[in-house]
Amino acid sequence: MADPDPDEPVEPAGGSDPDAALPADPDLVRNALIEWYEADHREFPWRRTEDPYAILVSEVMSQQTQLDRVVSAWEDFLDRWPTPADLAAAERGDVVAFWSDHSLGYNNRAKYLHEAATQIETAYDGEFPRTPDELAELMGVGPYTANAVASFAFNNGDAVVDTNVKRVLYRAFDVPDDDAAFERVATRVMPDEESRVWNNAIMELGGVACGKRPRCDEAGCPWREWCHAYQTGDFTAPDVPTQPSFEGSRRQFRGRIVRLLGEHDEMELDTLGHRIRVDYTPDGEHGREWLRGLLTDLTEDGLVEVEDRDGETIARL
DNA sequence: GTCCCGCATA
DNA sequence: TATGCGGGAC
């Protein structure tokens with residue numbers, strides 16, 4: 001390579017970065033992606049608002065739930081609790097019941113959102129935090145969500161690094177499967193002061209063109225000429241830890257408990273047991289002791305309340 | 001079976 | 001650093 005093509009990926013001068021083959025001219029790569037995104041992208045309702053609260057709700061809902069299932073839940077949620085003050089004033093159980101009723105997954109996230117709204121009303125005096133560091137103080141808001149909200153609401157975020165971005169960087173620039181490496185490359189490739197469009201665009205790329213099944217040509221991927229995977233044909237993706245199966249899991253029964261309590265206001269222990277599994281037998285392997293264990297965890301998670309009344313055990317949200 | 005725009009806690 | 005956390009779509 002005595003006479004390298006300027007379009008070819010090259011190591012930075014000095015070879016100071018062993019992480020990846022970043023392009024020689026990052027602006028070409030940046031502009032190509034932004035132009036691709038602006039020419040055509042999926043329309044989600046939260047992309048049409050700059051309300052940080054509405055965006056936070058969309059991000060928390062989206063964390064482990066498919067986007068298509070989030071749209072109607074997001075609209076219903078904001079219809080019911082339009083501001084952080086409204087949400088902070090709500091009963092925790094109502095928020096958890098809403099979450100369960102809309103099949104949004106991890107019910108803890110309903111609690112986090114409710115808690116975050118309370119923090120905004122108290123610790124932040126109703127003023128929504130604007131920086132990633134301040135946002136990350138909110139319950140349930142980690143590095144990903146903090147940068148996403150700071151970017152989409154305030155154009156004030158750092159590079160988002162989620163599984164989509166990791167997969168894109170791993171394939172395009174041959175970044176090693178290492179969190180620190182992803183963080184460095186993601187930061188370096190993002191143009192300054194453009195976190196809103198950039199983080200939208202790179203996640204759109206990961207969702208539309210560079211998913212598990214790559215659609216480089218169909219989606220008109222703007223990075224084909226620089227992409228390591230496109231050149232080698234190796235579209236391996238970073239390892240994502242595989243989850244234990246959901247069927248028969250503890251999580252499945254937690255979910256059933258929360259859903260039933262959302263429907264029934266309050267339920268006695270054995271009634272609940274028989275409704276969440278057909279083989280419930282009060283003194284059997286999956287009986288009162290087993291169910292009390294689940295309820296204890298749910299209580300410690302702040303999702304459920306348990307009360308002993310007249311020798312009966314009563315549970316409610 | 002696998003995947004999906006993470007986070008809190010120990 | 002490792003583990004728990006829901007549920008629908010494919």
Side-chain angles (χ1 to χ4, degrees), chain A residues 37 41-42 44 46-47 55-74 96-113 115-116 119 132 135-152 157 159-169 178-180 182-183 186 195-196 198-214 237-262 276 293-294 296-298 300-304:
Chain A
Y37 175 76
H41 55 79
R42 296 170 296 177
F44 293 113
W46 45 86
R47 284 182 170 165
I55 290 167
L56 175 64
V57 172
S58 81
E59 289 300 333
V60 173
M61 287 183 172
S62 301
Q63 280 173 8
Q64 295 282 319
T65 303
Q66 290 87 340
L67 293 189
D68 290 339
R69 285 198 288 142
V70 167
V71 174
S72 65
W74 182 77
V96 173
F98 176 99
W99 209 262
S100 174
D101 194 41
H102 287 73
S103 297
L104 285 167
Y106 302 110
N107 291 302
N108 274 324
R109 298 198 313 243
K111 177 190 68 177
Y112 295 156
L113 215 37
E115 178 65 24
Q119 287 176 269
L135 284 160
E137 299 286 320
L138 298 175
M139 182 66 73
V141 176
Y144 165 76
T145 310
N147 280 313
V149 174
S151 297
F152 303 147
V160 156
V161 180
D162 67 351
T163 55
N164 267 326
V165 173
K166 289 179 184 177
R167 189 174 55 249
V168 167
L169 298 179
D178 171 75
D179 284 347
F182 287 128
E183 183 71 36
S195 61
R196 177 181 287 137
W198 178 261
N199 284 323
N200 266 317
I202 195 167
M203 288 196 289
E204 182 77 358
L205 189 69
V208 168
C210 202
K212 178 177 178 58
R213 238 195 61 204
D239 287 327
V240 281
T242 171
Q243 279 193 341
S245 76
F246 180 65
E247 190 61 32
S249 69
R250 186 176 183 83
R251 275 169 29 217
Q252 183 177 40
F253 291 108
R254 283 175 52 112
R256 288 181 182 176
I257 291 170
V258 172
R259 178 171 48 80
L260 278 168
L261 294 181
I276 63 170
L294 287 175
T296 298
D297 284 358
L298 285 164
E300 288 170 353
D301 282 348
L303 299 174
V304 165

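Order of the sequence lines sets the chain letters (A, B, ...), proteins ahead of strands, with each chain counted from 1. Side-chain atoms are counted along with the backbone in the values below, which use heavy atoms only and exclude waters and symmetry mates.
Judged by atom type and distance alone, A:Gln63 does not reach the base of C:dG6 through any side-chain donor-acceptor pair under 3.5 Å.
Between A:Ser100 and C:dG6 there is no side-chain N or O to OP1 or OP2 distance below 4.0 Å. The shortest distance between the side-chain N/O atoms of A:Asn108 and the OP1/OP2 oxygens of C:dC5 is not below 4.0 Å. Put simply, A:Arg69 has no side-chain N or O that comes within less than 4.0 Å of OP1 or OP2 on B:dC5. In this structure, A:Thr65 does not reach the B:dC5 phosphate: none of its side-chain N or O atoms is under 4.0 Å from OP1 or OP2. At least one side-chain nitrogen or oxygen of A:Arg254 sits closer than 4.0 Å to the OP1 or OP2 atom of C:dG6. Within the structure, a side-chain polar atom (N or O) of A:Ser103 is placed less than 4.0 Å from OP1 or OP2 of C:dG8.
The nucleotide C:dG4 finds its pairing partner in B:dC7, both defining distances of the Watson-Crick or G-U wobble pair being shorter than 3.5 Å.
Remark: P of C:dC5 and CD of A:Glu300 are 12 Å apart, rounded to the nearest angstrom. For the pair A:Phe246 CZ and C:dA9 C1', the computed distance is 14 Å after rounding to whole Å. Between the CD atom of A:Glu115 and the C1' atom of B:dA8 there is a distance of 13 Å, rounded to whole Å. Atom-to-atom, OH of A:Tyr37 to P of B:dC5 comes out at 15 Å; the value is rounded to the nearest Å.
Taking atom P on both B:dC7 and C:dG8, the two are 23 Å apart, rounded to the nearest angstrom. Across B:dC5 and C:dG4, the matching P atoms stand 24 Å from one another, rounded to whole Å.
Both A:Val240 and A:Val141 lie near DNA chain B, and the one whose nearest nucleotide falls closer to the 5' end is A:Val240. For the pair A:Ala136 and A:Tyr144, nearest-nucleotide mapping onto DNA chain B gives the more 5' position to A:Tyr144. Each of A:Pro244 and A:Arg256 lies near DNA chain C, and the nucleotide nearest A:Pro244 is the one positioned closer to the 5' end.
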Decide yes or no on side chain to side chain donor-acceptor pair (under 3.5 Å) for A:Tyr144 and A:Gln63, but give the supporting numbers first. CA-CA 9 Å; A:Tyr144 165 76; A:Gln63 280 173 8; over 6 Å; no
Derivation and outcome, salt bridge (charged side-chain N to carboxylate O under 4.0 Å, His left out), residues A:Arg109 and A:Glu115: CA-CA 10 Å; A:Arg109 298 198 313 243; A:Glu115 178 65 24; over 6 Å; no
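A side-chain donor-acceptor contact under 3.5 Å links A:Gln119 to the backbone of A:Glu137. Panel note: side chain A:Asn200, backbone A:Arg196; a donor-acceptor pair is recorded below 3.5 Å. In this structure, the side chain of A:Lys166 does not engage the main chain of A:Pro238 through any donor-acceptor pair within 3.5 Å.
Contacts of A:Thr145 with the nucleic acid, taken as non-hydrogen atoms under 4.0 Å apart, involve only primed sugar atoms and P, OP1 or OP2. Using a 4.0 Å heavy-atom criterion, one finds that A:Asn107 contacts the sugar-phosphate atoms exclusively. Within 4.0 Å of A:Leu104, counting heavy atoms only, lies no atom of the nucleic acid at all. At the heavy-atom level, A:Arg167 lies under 4.0 Å from the strands shown only through sugar-phosphate atoms.
Taking only side-chain atoms of A:Asp162, from C-beta outward, the nucleotide of B:dG6, B:dT2, B:dC7 with the closest atom is B:dG6. For A:Met139, the side-chain atoms get nearest to B:dA8 when compared with the rest of B:dA8, C:dG6, B:dC5. Among the nucleotides B:dA8, B:dC5, B:dC7, the one closest to any side-chain atom of A:Met203 is B:dC5.
Once rounded to the nearest 0.5 Å, the distance linking CZ of A:Phe253 with CG of A:Leu298 reads 13.0 Å.
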